[in-house]
Trainee: 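Mind having a look at this structure? Questions to follow.
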Amino acid sequence: MYQLKTIHFEKAYAEISVFDNGTEVKECHAMIHVDDATLPYTEQLNAIFNAYNNLINEQLQGARSVFKRYFLSDAANQADEIIVNDVTDCAKSIIQQAPLDGTKVALWVYLMTNVQTSLGKSGLYEVKHGSFRHLWNGSAHNMAANSEYQTRLLFNEYSMQLIEEGCTLKDNCIRTWLFVNDVDLNYGGVVRARNQFFFTQGLTVNTHFIASTGIGGRQADPNVLSQMDNYAIAGIKEEQIHYLYAPTHLNRTSDYGVSFERGTYIDYKDRRQVFISGTASINNKGEIMYPKDVRQQTHRMWENVETLLAEADCTFEHVGYIIVYLRDLADFQVVKALHEEKFPGKPLIIVHAPVCRSGWLVEMECMAVRKVDNPQLKAY
């Protein structure tokens, strides 16, 4: 299970989780927040940078960043400073999903010890340890005419990148994130493009899909209607990948015309990693539970995630970070209080990001890890 701690810096603080199973590779998640929401943006960003540098150089010495995501309140006026000043050798995602504590910027960073990171020839970032190459990418986008064409091009380009790395979308991609500008208007195009592209790649209800979050989010350029982050593993075997369904609580996403898995877990010799897709208040008939009641929706959302985790022999104690997406800013105080009571000290951020169906007021995603012993498999 993760060890949790909160570290305070000048003008910022970090919620940290550390998974240490006694092997070379420790896993860490850090959610870095600004203390003072009244500071100008540049000061807030510098506070984030300073806290991150302190973590890397002192608190988490030996850990390397493998993925970063910046949450911004106004990407059009804020993203350029991050692009210029953050030169970390890892995949970086920058998205307008305003932190709902009133600050302008927050950072989620995923770190590991004893790994090598580099930019691969395909444009994907490689994180290497032992037999596996973990391939990360952030902020992929293009300027095609609409959300459907943009998403089709995103998946086509990503598929070609994977081929260049000796991988395929079907066999190696573990997780995607799709951020949709004006999700109520443009999500339909994203769904059509993904459904069609997956079919051409042999991804169907009879094979499998890919764990994913599809959520509202805006890039700096308003013409970008669909942005993608993704994660794949080169060297992974089919028998290491397992899909989570929780049929007592959730239906298959294909039942209502979309194509992603509720969750996926990967087994290694020394650990099990669990990726929970964006999950909302839904039942196993695909119906929204507790319309217009964010408190009840939050409890049902937790119940759904807990059931998915249980299929992987995990609980919330194995979860390393949580991202919560809210449609209505007015629900923040209620949802914040609920989460802080249930998950004290766990890396958490609540952001403004409408869910793909308007009746869903709240959604969450998370990642879990637990120690296992699979002598027939290779270590992480």
Trainee: Tracing side-chain links under 4.5 Å among I, L, V, M, F, W and Y, which residues wind up in one group with Met143?
Mentor: Val224
Trainee: Not counting sequence neighbours, which residues clear side chain to side chain donor-acceptor pair (under 3.5 Å) with Asp20? List them please.
Mentor: none
Trainee: Mind checking what makes side chain to side chain donor-acceptor pair (under 3.5 Å) contact with Glu157, not counting sequence neighbours?
Mentor: none
Trainee: State whether Tyr380 and Arg271 meet the cation-pi test: NZ (Lys) or CZ (Arg) under 6.0 Å from the six-membered ring centroid, and within 45° of the perpendicular axis.
Mentor: yes
Trainee: Once side chain to side chain contact (heavy atoms under 4.5 Å, CB included) is applied, do any residues pair with Gln201, and if so which ones, sequence neighbours excluded?
Mentor: Ser159, Leu169, Phe197, Leu203
Trainee: Can you list the other members of the hydrophobic cluster that holds Val369, where links are side-chain heavy atoms under 4.5 angstrom apart?
Mentor: Tyr2, Leu4, Phe19
Trainee: Share the residues that join Leu377 in a hydrophobic cluster, the rule being Ile, Leu, Val, Met, Phe, Trp or Tyr side chains under 4.5 Å apart at the heavy-atom level.
Mentor: none
Trainee: Of all residues at least two apart in sequence or in a different chain, which pass the side chain to side chain donor-acceptor pair (under 3.5 Å) check with His33?
Mentor: Glu15
Trainee: Test of understanding: with side chain to side chain contact (heavy atoms under 4.5 Å, CB included), list the residues that count as partners of Thr38, not counting sequence neighbours.
Mentor: Asp36
Trainee: Going by the rule side chain to side chain contact (heavy atoms under 4.5 Å, CB included), which residues pair with Cys28 if we only count those two or more places apart in sequence or in a different chain?
Mentor: Val18, Leu60, Leu111
Trainee: Over 60° means perpendicular and under 30° means parallel, so tell me whether Trp177 and Phe67 are parallel, tilted or perpendicular.
Mentor: parallel
Trainee: Give me each pair satisfying side chain to side chain donor-acceptor pair (under 3.5 Å) with a member in residues 92-107, each pair once, sequence neighbours excluded.
Mentor: Arg69-Ser93, Ser93-Asp229, Asp101-Thr103
Trainee: Kindly give the cluster partners of Tyr125, where membership spreads through any ILVMFWY side chain lying under 4.5 Å from a current member.
Mentor: Leu119
Trainee: Listed by chain and number, what are the side chain to side chain contact (heavy atoms under 4.5 Å, CB included) partners of Met289, not counting sequence neighbours?
Mentor: Ser281, Asn283, Arg300
